[in-house]
Amino acid sequence: MTDKTSAAADNTSAAARNAAHDDADAGTRSTSPAAVRAGAHVVVIGGGYAGVMAANRLTRRDDVTVTLVNPRPVFVPRLRLHQLVGGSHDAVVEYRDVLADRVRLVVDGVTRIDAAARTVVLAEGGTLSYDHLIYAVGSASAAPRVPGVAEFSHSVATLEEARRLRSVMDATPASAPLTVVGGGPTGIETAAELAQQGRRVTLVSGGTLGPYLHPRARRTAVKRLAHLGVTVLGASGTEGTEGSKGSEGAEGSQGSQGPEGARVVAVTRDAVHLGDGRTLPSAVTIWTAGFGVPDLAARSGLSTDAAGRLLTDETLTSVDDERIVAAGDSAAPADRSFRMSAYAAGCLGAHAADTVLHRLAGERPEPVDLSFSAMCISLGRGSAVFQLARKDDTALPLYVGGRAGAKLKEMSCEFSVKHLAKEAREPGSHSWPKGAKGARGAEGAKGVGREPSAGADRGELLTAAAVKS
């Protein structure tokens with residue numbers, strides 16, 4: 001355990017294993033042994049959107065003790081990490097602002113889950129025993145498969161990586177060429193954020209730019225990137241935007257470069273090499289092409305899918321052990337596949353908690369039921385695309401762009417944190433649109449390998465409708 005923990009954890013004493021933290025450490029709270037109630041002990045691994053939502057919701061029962069294990073003493077709103085790189089947000093929130101008072105925070109990592117003994121082994125020594133466990137370890141950068149990526153590129157997937165990249169950007173001349181690899185939400189948002197600062201940015205998309213977007217919304221995104229001066233290399237219809245600064249509505253010159261030409265085959269210290277033989281000068285290369293999940297479940301002998309996500313049934317319960325429930329990006333529910341997003345993570349975290357609470361009450365857990373309503377991509381500080389969607393997460397030909405879209409994007413980011421804070425104050429209050437059981441969304445827009453993106457709830461859709469009217 002880190003030096004921020006005020007007591008060592010073991011598996012014999014509830015007071016000890018739910019270690020308190022020094023009050024002076026911002027983002028943690030201390031809990032006296034007298035405050036620990038007898039009853040079931042639920043350990044939540046992971047303090048992101050899914051883990052915090054689950055931990056807060058579990059406090060609906062007074063006889064449940066909840067411990068959240070997370071390697072950082074602060075909550076990271078991942079939707080803001082590209083802003084951290086660009087210098088417009090620090091991308092941290094104190095846990096005291098989003099975590100219920102009854103939830104005890106252990107600042108440590110987990111190296112193994114011993115399902116037979118019902119314990120988790122902590123990275124800095126000691127164990128935590130549990131009656132039920134929620135597995136919400138989230139996602140991070142995928143293991144690089146392209147030569148040179150690990151050595152010569154930077155990621156935006158975690159707080160630490162984004163901070164390192166921010167330091168690199170601060171030391172890099174404004175005129176130096178930058179390359180962002182990956183045409184999903186993270187790549188688009190990072191490229192736009194940096195280009196708005198006047199930097200020379202090339203965005204390499206090996207396939208369709210913004211694959212989730214409806215073609216109409218995609219054209220708006222391409223025009224905005226052109227306005228910012230981003231050179232887009234990728235699928236047909238997106239190249240040739242370099243030097244097209246002007247009105248946002250200007251088409252810019254369009255090329256016909258196919259995805260093979262924009263496929264990155266190697267990264268070196270000062271260049272990115274493409275499949276068609278081109279070499280792009282690149283003082284800083286930012287890799288956003290794909291996300292993966294930690295291998296904790298696999299290392300613990302639990303059943304996972306090919307990507308390493310914990311295999312569960314339709315209630316989010318592990319196929320190996322009904323005392324283990326998964327939530328967020330690291331869950332692979334049977335016959336369902338949800339787009340990696342803060343919105344989905346929060347909803348799945350709430351459902352995971354409900355599954356545990358049903359079992360504690362001797363009730364049958366319900367299948368997960370989650371429908372989507374929108375997703376949004378920022379295009380710098382003054383513009384965004386807020387893409388409306390069907391319940392099955394396929395894009396509608398309706399979207400909100402420009403400044404109105406940027407306002408909705410900002411609201412979406414704010415709501416993703418406010419929902420957690422409200423659940424901390426009023427456990428059980430979080431609700432979400434349903435009606436899409438087992439539905440699958442647009443091809444290529446879901447699952448591991450795609451970066452987390454912002455979602456939207458019913459309130460945001462009402463706001464969108466008001467803006468459009």
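We find that Arg323 and Asp321 are not joined by a salt bridge, their nearest charged nitrogen and carboxylate oxygen being 4.0 Å or further apart. Checked for salt-bridge contact, Lys409 and Glu189 meet the test: a charged N lies under 4.0 Å from a carboxylate O. Salt-bridge check for Arg166 with Asp90: failed, with every basic side-chain N at 4.0 Å or more from each acidic carboxylate O.
Looking at Arg309, its side chain never comes within 3.5 Å of a backbone N or O of Ala326 through a donor-acceptor pair. With Arg199 contributing its side chain and Pro177 its backbone, the two residues share no donor-acceptor pair below 3.5 Å. Of the possible polar contacts, none joining the Ser303 side chain to the Leu311 backbone as a donor-acceptor pair under 3.5 Å is found.
With sequence neighbours excluded, the residues forming a salt bridge (Lys or Arg N to Asp or Glu O under 4.0 Å) with Glu410 are Arg80, listed by chain and number. Partners of Glu160 by salt bridge (Lys or Arg N to Asp or Glu O under 4.0 Å), not counting sequence neighbours, listed by chain and number: Arg72.
Val293 places none of its side-chain heavy atoms less than 4.5 Å from the side chain of Leu310. By the 4.5 Å heavy-atom criterion applied to side chains, Val64 and Thr59 are not counted as neighbours.
Atom-to-atom distance recorded for Leu408:CG and Tyr399:OH is 13.5 Å, nearest 0.5 angstrom. Atom CG of Leu228 sits about 11.5 Å away from atom OG1 of Thr231, to the nearest 0.5 Å. Separation of atoms CD1 (Ile324) and CD1 (Ile113) is listed at 5.5 Å; rounding is to 0.5 Å. Atom CG of Leu79 sits about 7.5 Å away from atom SG of Cys376, to the nearest 0.5 Å. Atom-to-atom distance recorded for His154:NE2 and Glu161:CD is 10.5 Å, nearest 0.5 angstrom. Taking CZ of Phe75 as the start and CG of Leu99 as the end, the distance is 10.0 Å to the nearest 0.5 Å.
The aromatic rings of His351 and Trp432 lie perpendicular to each other, with more than 60° between the two planes, well past the 30° mark.
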Practice problem: Determine, step by step, whether Gln83 and Ser88 satisfy the side chain to side chain donor-acceptor pair (under 3.5 Å) criterion, reporting the C-alpha distance in whole Å, the side-chain angles of both residues, the deciding distance to 0.1 Å, and the verdict. | Solution: CA-CA 5 Å; Gln83 290 183 252; Ser88 62; 3.3 Å; yes
Quiz item: Please walk me through it: do Ser139 and Arg78 pass side chain to side chain donor-acceptor pair (under 3.5 Å)?
Solution: CA-CA 11 Å; Ser139 60; Arg78 290 182 66 184; 3.0 Å; yes
Quiz item: What's the verdict on side chain to side chain donor-acceptor pair (under 3.5 Å) for Thr208 and Arg218, showing C-alpha distance, side-chain angles and the deciding distance?
Solution: CA-CA 9 Å; Thr208 302; Arg218 185 177 301 114; 5.6 Å; no
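The number of heavy-atom neighbours closer than 6.0 Å to CZ of Arg299, taken from other residues, nucleotides and ligands shown, is above 12.
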